[in-house]
Amino acid sequence: MGFLIKYVVDINHQLSVANKSHIELLNGMHEGLLIVKKDTHSQWLFCNRSAGKLINTFLGQLDDCKDAKEKQNAH
């Protein structure tokens, strides 16, 4: 049973590290990336820094489109 628990903990850690790495790669892109949610209270699932700058410049400050690091700190 202990091996199973250790395996689950290790997998969760690997997933967390992979997600952080992917977010940094997405934020490093020059193109804006905006991922929209379908049926939830918040309109945006994710936007990278480039998309956030464009949205904030042309549509005003939107709370739903936070930087990825701000969203990670909130969770």
Side-chain angles (χ1 to χ4, degrees):
M1 188 66 166
F3 287 115
L4 180 63
I5 292 171
K6 182 177 180 340
Y7 177 74
V8 170
V9 169
D10 289 344
I11 292 295
N12 282 334
H13 176 71
Q14 289 175 356
L15 182 61
S16 174
V17 169
N19 283 339
K20 288 178 185 177
S21 174
H22 293 146
I23 288 174
E24 288 300 317
L25 286 172
L26 290 172
N27 276 327
M29 293 175 28
H30 291 280
E31 298 84 7
L33 174 68
L34 177 67
I35 301 174
V36 181
K37 289 184 180 182
K38 185 174 181 180
D39 296 335
T40 58
H41 296 83
S42 175
Q43 291 179 331
W44 322 120
L45 181 62
F46 175 80
C47 67
N48 66 356
R49 289 183 192 123
S50 300
K53 287 179 186 177
L54 286 172
I55 289 170
N56 290 334
T57 299
F58 294 106
L59 298 177
Q61 186 71 24
L62 298 178
D63 292 335
D64 291 343
C65 191
K66 294 180 182 177
D67 187 73
K69 288 187 179 187
E70 292 176 18
K71 282 198 173 203
Q72 280 183 346
N73 292 338
H75 292 294

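For Leu33, the side-chain contact (heavy atoms from CB on, under 4.5 Å) partners are Leu26, Met29, Ile35, Phe46, Asn48, not counting sequence neighbours.
One finds the OG atom of Ser16 at 12.5 Å from the CD1 atom of Ile11 (value rounded to the nearest 0.5 Å).
Results of the side chain to side chain contact (heavy atoms under 4.5 Å, CB included) test with Val17 over Gln14, His13, Lys20 single out His13 as the only residue that passes.
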